[in-house]
**Q** 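To start, I am sharing the structure in question, which I have written as structure tokens.
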Amino acid sequence: MRFSKRAAVAAAGIAVALVASGCGSSGGSSSGGGAKTKDVEVFTWWADGGEKAGLDGLVAQFKTDCSQYTFVNGAVAGGAGSNAKQVLASRLQQGDPPDTFQAHAGAELSDYINAGQVEDLSSEYKDWGLTTAFPKGLVDSLTVQGKIYSVPANIHRANVLWGNKKVLTTAGITAAPTSMTEFFTQLDTLKTKGIASPLALGKDWTQEMLFESVLISELGSDKFIGLWNGKTDWAGSDITSAINDYKKLLTYTNKDRDTFDWTDAEKLVMDGKAAYQLMGDWEAADLDTKGFKDYNYVAFPGNGTAYQWLADSFVLPKGAKNPDGTKCWLKTLGSSAGQKAFNTKKGSIPARTDAVASDYPAYQQTAIADWAKDTAVPSCPHGSACSQGWQGAVNSAQGKFSSDGNVDSLQKALTAAAKQFATK
Ligand code: GAL
């Protein structure tokens with residue numbers, strides 16, 4: 001969904017003219033002379049499976065709390081926003097924002113703030129009692145120059161290894177791997193037992209997730225955090241050794257990985273064609289929604305108590321057609337009831353600190369306990385660690401490495417990306 005600059009400028013002109021004349025596509029601007037729109041277009045990439053189940057839960061709460069408004073689903077399918085973010089960028093450029101959109105807390109959200117595309121919600125935070133409802137570290141990642149711009153829906157964990165219990169026990173594997181060495185031994189065992197590609201993997205951003213888990217094992221939490229704030233050198237020998245481990249891991253993965261979204265890789269696990277997949281905990285919700293019960297989960301081998309976090313948050317875009325409707329959405333999202341309705345179905349844990357663990361499925365109960373005691377480390381593909389520009393550079397470097405396996409060139413590309421983006 002790319003537009004040429006010229007076409008985008010022309011389209012933006014048309015959009016501005018339409019809004020000015022009160023002829024916007026959703027029934028007119030709320031501040032214009034025409035009838036106010038009731039529609040609240042919510043833009044996400046939660047189109048199927050557990051992701052849609054989570055969204056549906058939240059929408060049910062919105063229908064109760066905001067019955068004067070109508071939810072309009074603007075979801076664009078594709079894991080981690082691989083398609084949605086491009087569509088959103090075009091729409092923002094054309095002056096046609098949805099009423100609200102999903103943005104990851106941290107550096108990714110700062111992209112929209114710095115571009116002046118989202119409104120300050122500081123006074124709504126006070127009115128809705130949100131200022132103290134979320135953990136301080138999370139609020140800090142949503143705040144720029146003293147102003148707060150989005151409401152977090154959840155905390156997800158990225159560095160989780162999901163396993164097919166039957167495949168593992170059939171291969172005689174009964175304990176979770178706790179180090180990279182143990183993991184390689186298990187993968188070899190699985191291969192000798194006839195599972196040709198025991199580790200299921202998808203395309204670029206999923207590869208970056210796997211690589212980041214290896215980095216956490218190699219570097220530990222503090223040094224891993226330093227990769228994103230300029231304190232850890234991407235050119236170091238410990239990074240070279242992590243890339244070599246990651247390269248070895250790729251030999252256990254499905255060869256068609258570059259054409260796979262995360263759900264395609266997940267299906268290999270469900271079908272017993274693979275034993276393991278590294279994926280965020282939206283996988284718990286997706287497996288549950290698909291009725292697959294025979295799975296287990298553990299932090300990626302060697303990650304110890306590093307909780308690689310990310311948070312989906314929602315914003316009020318500048319120029320939204322129905323800002324009052326958006327505020328009702330955001331208030332619901334930030335409420336105890338909204339967070340429960342969403343997170344019990346989404347695999348994530350609530351961002352609010354007043355959640356009752358026993359309200360949640362078994363996986364989230366363990367996640368709530370871990371989040372309270374583990375060390376928070378960020379994720380680049382899910383925006384808590386790096387900007388969208390940095391994500392793009394990393395994704396293309398991973399895609400290239402997936403076909404050429406050139407360790408030196410991956411390390412150089414990652415080092416160059418950090419140099420270009422780390423301080424921005
Ligand atoms: C993440 C997002 C999650 C989940 C995942 C897979 O970026 O934060 O909520 O949707 O992508 O699509």
Side-chain angles (χ1 to χ4, degrees), residues 42-59 73-88 100-109 111-112 138 141-142 150-160 162 200-210 212-213 260-267 277-290 307-315 333 338-339 341-351 363-364 367 371 376 378-388 390-392 394-395:
V42 177
F43 187 95
T44 69
W45 54 85
W46 299 330
D48 297 299
E51 297 182 310
K52 176 146 190 313
L55 181 61
D56 288 347
L58 187 55
V59 171
N73 193 348
V76 174
S82 45
N83 305 318
K85 285 182 189 172
Q86 289 182 38
V87 174
L88 179 64
T100 185
F101 62 83
Q102 172 189 359
H104 288 124
E108 187 181 304
L109 178 70
D111 286 341
Y112 299 109
L138 177 59
S141 74
L142 301 168
S150 73
V151 179
N154 61 356
I155 308 279
H156 265 304
R157 184 176 194 173
N159 57 335
V160 185
W162 305 90
L201 188 59
K203 65 183 176 181
D204 48 24
W205 65 270
T206 72
Q207 294 168 16
E208 172 63 9
M209 286 182 73
L210 180 61
E212 287 186 6
S213 293
F260 272 23
D261 206 333
W262 69 277
T263 42
D264 302 310
E266 176 197 50
K267 189 163 187 310
Q277 181 188 12
L278 178 281
M279 192 38 61
D281 52 13
W282 43 89
E283 182 131 336
D286 205 58
L287 292 169
D288 291 347
T289 303
K290 289 170 177 165
Y307 198 109
Q308 194 181 29
W309 74 278
L310 56 120
D312 297 301
S313 72
F314 282 81
V315 297
L333 175 75
Q339 300 242 319
F342 177 66
N343 288 296
T344 46
K345 304 273 169 41
K346 182 66 168 66
S348 40
I349 62 174
Y363 168 75
Q364 281 103 313
W371 175 243
S379 152
C380 180
H382 305 290
S384 44
C386 72
S387 63
Q388 293 194 57
W390 199 345
Q391 285 167 23
V394 162
N395 282 352

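Everything numeric in this text was worked out from a predicted model, so none of it was measured. Order of appearance sets the numbers: ligands from 1, and atoms from 1 within every ligand.
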**Q** Report, in ascending order of atom number, the atoms of ligand 1 lying under 4.0 Å from any heavy atom of Leu310.
**A**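 With Leu310 as reference, the close atoms of ligand 1 come out as 8 (O).
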
**Q** Indicate yes or no: does an N/O atom of Trp205 lie under 3.5 Å from an N/O atom of ligand 1?
**A**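 Such a contact does not occur with ligand 1.
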
**Q** Atom 6 (C) of ligand 1: which protein heavy atom is closest, and how many Å away?
**A**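 Nearest neighbour among protein heavy atoms for atom 6 (C) of ligand 1, to 0.1 Å: Glu51 OE2, 3.0 Å.
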
**Q** N/O of Asn154 under 3.5 Å from N/O of ligand 1, yes or no?
**A**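 No, no N or O pair falls under 3.5 Å.
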
**Q** Give the C-alpha distance, both sets of side-chain angles, the deciding distance and a yes or no for side chain to side chain contact (heavy atoms under 4.5 Å, CB included) between Phe43 and Val76.
**A** CA-CA 8 Å; Phe43 187 95; Val76 174; 3.8 Å; yes

**Q** Taking only heavy atoms of Trp262, which atoms of ligand 1 are found under 4.0 Å from at least one of them?
**A**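 So the answer, numbered in order with elements, is 6 (C), 12 (O).
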
**Q** Yes or no on side chain to side chain contact (heavy atoms under 4.5 Å, CB included) for Asp312 and Trp46, after CA distance, side-chain angles and deciding distance?
**A** CA-CA 11 Å; Asp312 297 301; Trp46 299 330; 3.4 Å; yes

**Q** Taking 4.0 angstrom as the limit and counting only heavy atoms of His382, give me the atoms of ligand 1 inside it, by number and element.
**A**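 That gives atoms 1 (C), 7 (O), 11 (O) of ligand 1.
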
**Q** For the atom pair CE (Met209) and CD (Gln308), what is the distance rounded to the nearest 0.5 Å?
**A**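 That separation rounds to 6.5 Å.
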
**Q** Closer than 4.0 Å to some heavy atom of His104 - which atoms of ligand 1 meet that?
**A**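 Every atom of ligand 1 under 4.0 Å from some heavy atom of His104: 1 (C), 2 (C), 7 (O), 8 (O).
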
**Q** Can you name the nearest heavy-atom pair linking Ser348 to Gln364, along with the distance?
**A**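 Looks like O-CG, 3.2 Å.
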
**Q** Rounded to the nearest 0.5 Å, how far does CZ of Arg157 lie from CH2 of Trp309?
**A**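 Reported value, rounded in 0.5 Å steps: 14.0 Å.
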
**Q** List every atom of ligand 1 that sits less than 4.0 Å from any heavy atom of Lys346, numbering the atoms from 1 in the order shown and giving each element.
**A**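 Within the 4.0 Å cut-off of Lys346, ligand 1 contributes 3 (C), 4 (C), 9 (O), 10 (O).
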
**Q** As an exercise, identify every atom of ligand 1 less than 4.0 angstrom from a heavy atom of Gly79.
**A**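 Checking each atom against Gly79, I get 12 (O).
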
**Q** What protein heavy atom lies closest to atom 2 (C) of ligand 1? Include the residue and the distance to one decimal.
**A**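 It is Asp312 OD1, 3.4 Å.
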
**Q** Over 60° means perpendicular and under 30° means parallel, so tell me whether Trp282 and His382 are parallel, tilted or perpendicular.
**A**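 Perpendicular, since the angle between the ring planes exceeds 60°.
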
**Q** Who are the salt bridge (Lys or Arg N to Asp or Glu O under 4.0 Å) partners of Glu208, not counting sequence neighbours?
**A**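 For Glu208, no residue satisfies salt bridge (Lys or Arg N to Asp or Glu O under 4.0 Å) once neighbours in sequence are set aside.
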
